[in-house]
Amino acid sequence: MEQNASGPQFLRFVIPILDILKTMGGSGKPHEVTDQVIAHLQITEVELLETLKSGTSRVRNQIAWARFYLARANLLDASKRGQWQLTTEGANTQLSDEDVVELFRRVQSQLREAESEWALEKEIQQAEYEISDAELWESMSHVNYWWIQQGQLYNQEQQGGYIWMSNADNRSSRGNSTHVMEHLHSGDLVFHQVDDNLVATSVVLEPAEVIQTPVAGWHVKAHYYPLNDPIQLGQLNETLKTELAPLTQPAEHTQLQTLDRNTGELLLEHIRPDYLRERARVWLLQVDIKRHNLAKQLKQHKVGDIATWSLTQPYHDIRPGDLLMLWQSGDTSGLHALGGVVSEVFEQAEGWGVHYRYIHILRPPVMRADCLKHPLLKNLQVLHSQHAERCRITAAEWYAFKALIYPTQQTVAITRHRTLTLPAIHDQLQRQGMVLSSATVRRYHLALQSRGLVILAGVSGVGKTWLAESYAEAIDARRLLVPVAPNWQSHDDLFGYFNPLTDQYQDTPASRFIREAAMQYEQQGNHAPPYHLILDEMNLARVEFYFAQFLSVMECRARGKTAQLQLGKDTLNLPPNLFIIGTVNMDETTQSFADKVYDRAQVLELSVNADELQAQLHDQPYQSVVMNLWRALWPVAPFAFRTVSEMKQYIQAAALLDIRWQTALDEQIVQKILPRVRGSDSRLLPALNTVLELAEQHGLSLTQNKVSQMLDNLRIHGLTSYFA
């Protein structure tokens, strides 16, 4: 819908927002919905760079307005902050262009003119805030999470800006002498419980220390962010209630316990608007090359290190949790690193300073010349003055910088990869059509965490490759599927080789994939996305031949030693975010494994459960026939989910040609099942007799004739096959 006399231009986004939310299951984070709407409408880069006077993207502003009108029309739930969610009415509504114009007029008429301007301005600012700052928080999410029950000490500690625990209270839950507060680090996030309410969060400013007065105990400085409206624990969703139940029971003394990342991020969904209104800001800080060489300093640091930035002025509006863009002037003028603030601005010997933790080190940096070419960034003060010490970066400028920092989608690393709970991963796999028990998903999940090499074994078609790819997709892992060839004999076949004629290393897709994983880990440390290298049918060739060097390197990594992979003249550190998944079939076409392989891997056998296979055939008239066939042939010629899925597709396609399911099933048994049956196994005779009885019972003539021939060969020659 274009702007016309009927309504403003933002109305063109109303229908896409509804459609996108429906495809997302009814709800989504503001920035996720916005990005999908932009992609769906194919908004051009030029249009995205257009900004309002405030610096906000005009397109994102218009999408926020469209969201506001949908909420006023009761098609979106406006009460869920940080989340766009369809109401029941919205989920069942289909709008035409004329309906959208009528919606706009109806909402306009509902508001008194004097109040509407104030209300609209306030709510649209909140909508813009959610779009930019929600994504910004994900960029800054580099902390560990904690839960503390403070009780009567809360007011005193909050006003004093610290957390205190007595020596007696500050013990590990295991009852040993470990002091819990020793594990708090600068930048960590603490959730504060008082009575039955979540009342605040705080950012840890310094490591804990022991103090003797007024009472001996542990003390840590913290910057508190009290919630505007405390959240009753009973109002949390069921997942959080379950996860937090052991932590929220009434305690006689102060208790501090760590939270897993999933629980911490779920909690942030409840408090994000309050929390970010205080803290989600981006500052660009410039240092003169004559005063300090930032590029040289970065060679001594890695992601996660704490450093200090010197300031000439006491900029007290820079606070813990803000994002810093670190800019160097001079010959190397440009953006060199990103950091998260972990302290208040403090006075030091010469001027002031602020502590920050490195989130991302740019290699190479974004140079001043690149920014001068950018239509939005070219007027930034730091590009034209070496004396500009800092400037506040708008949301639009942040999006522009991101495009320069991460020029391709493959290297977008600042947005953390998705972390899901096990039930959520299982649900996503099921939505993709996989038939797997929660126990199987759990075993695979834990196997990946305990070993860098996981082998998925099982009959052909059971879903080994599908599991590896779908799980990687569920957790937003980068993945590469490499089919193993039977003629592989050496390390070079998988990882490439050095060519002395060209004096260059000839990379393969696998070696390039590992290089990229190593680069991401170097830049982001433990927050780098996982990389899953999937070797399909890895035992078609001798694993000990082509994978020997890699097995040795992985064993070094498992023991905590430096693991280095030699790629020609290059020595590559094997990063911990790299995982190898091999799929194997154990039959006469494959190679067996040596014990050294089993010793260095987690082996997970995927089997076919009768109930799961039956569920795949739910409501099909031939369900009982296929299940009886499967039970008869499983000991001698097993088949699994892929075969059944292809049979279903064949029978459904045949139905469109008015072919009876019995005829189509008969053809599928002959084409898909019986070619597997071969050999001299003593169990073949009763199995084939059972199949023959099924064929006679259901009038499957092709199957009946073929099985009769195979039985004759078995009785005469003592062995049989489909083609004999």
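Excluded from the calculations below are hydrogen atoms, water molecules and symmetry mates; all remaining heavy atoms, backbone and side chain alike, are included. Predicted, not measured: the structure shown is a model, and the values here were computed from it.
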Would a 4.5 Å heavy-atom cut-off, applied to side chains only, mark [X] and [Y] as touching?
X: F579; Y: P530; answer: yes
X: L453; Y: I581; answer: no
X: K22; Y: Q94; answer: yes
X: I580; Y: V454; answer: no
X: F498; Y: Q506; answer: no
X: L494; Y: T508; answer: no
X: L446; Y: R442; answer: yes

How long is the span from the [atom1] atom in [X] to the [atom2] atom in [Y], to the nearest 0.5 Å?
X: I20; Y: D35; atom1: CD1; atom2: CG; result: 10.5 Å
X: L456; Y: L535; atom1: CG; atom2: CG; result: 11.0 Å
X: W634; Y: L613; atom1: CH2; atom2: CG; result: 9.0 Å
X: M627; Y: L694; atom1: CE; atom2: CG; result: 12.0 Å
X: L574; Y: I514; atom1: CG; atom2: CD1; result: 6.5 Å
X: F639; Y: I673; atom1: CZ; atom2: CD1; result: 4.0 Å

Can you check whether [Y]'s main-chain N or O pairs, donor with acceptor, with [X]'s side chain at less than 3.5 Å?
X: N577; Y: P529; value: yes
X: D493; Y: S490; value: yes
X: D666; Y: S701; value: yes
X: R678; Y: R676; value: yes
X: K464; Y: E605; value: no
X: D476; Y: A472; value: no
X: T583; Y: T465; value: no
X: D681; Y: R683; value: yes
X: T690; Y: P686; value: yes
X: Q623; Y: Q614; value: yes

Side chains of [X] and [Y]: do they bring a donor and an acceptor to under 3.5 Å?
X: H445; Y: Y471; answer: yes
X: R715; Y: T720; answer: no
X: E516; Y: Y531; answer: yes

With sequence neighbours excluded, tell me which residues meet ring pair (Phe, Tyr, Trp, His ring centres under 6.0 Å) with W147.
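Checked W147 against ring pair (Phe, Tyr, Trp, His ring centres under 6.0 Å); zero matches.
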Only pairs under 3.5 Å count here: list side-chain donor-acceptor contacts from residues 645-658, not counting sequence neighbours, and write none if there are none.
from: E646; atom 1: OE1; to: K672; atom 2: NZ; distance (Å): 2.6
from: K648; atom 1: NZ; to: Q616; atom 2: O; distance (Å): 2.8
from: Y650; atom 1: OH; to: E667; atom 2: OE1; distance (Å): 2.7

Aromatic rings F495 and F547: how do their planes relate, parallel, tilted or perpendicular, breaks at 30° and 60°?
parallel
Check the angle between the aromatic planes of H698 and W661 and answer parallel, tilted or perpendicular using the 30° and 60° thresholds.
tilted
Pair D507 + R515, salt bridge at N-O below 4.0 Å:
yes
Go through the steps to decide whether L540 and E537 satisfy the test side-chain contact (heavy atoms from CB on, under 4.5 Å), and finish with yes or no.
CA-CA 6 Å; L540 279 180; E537 298 194 58; 3.9 Å; yes
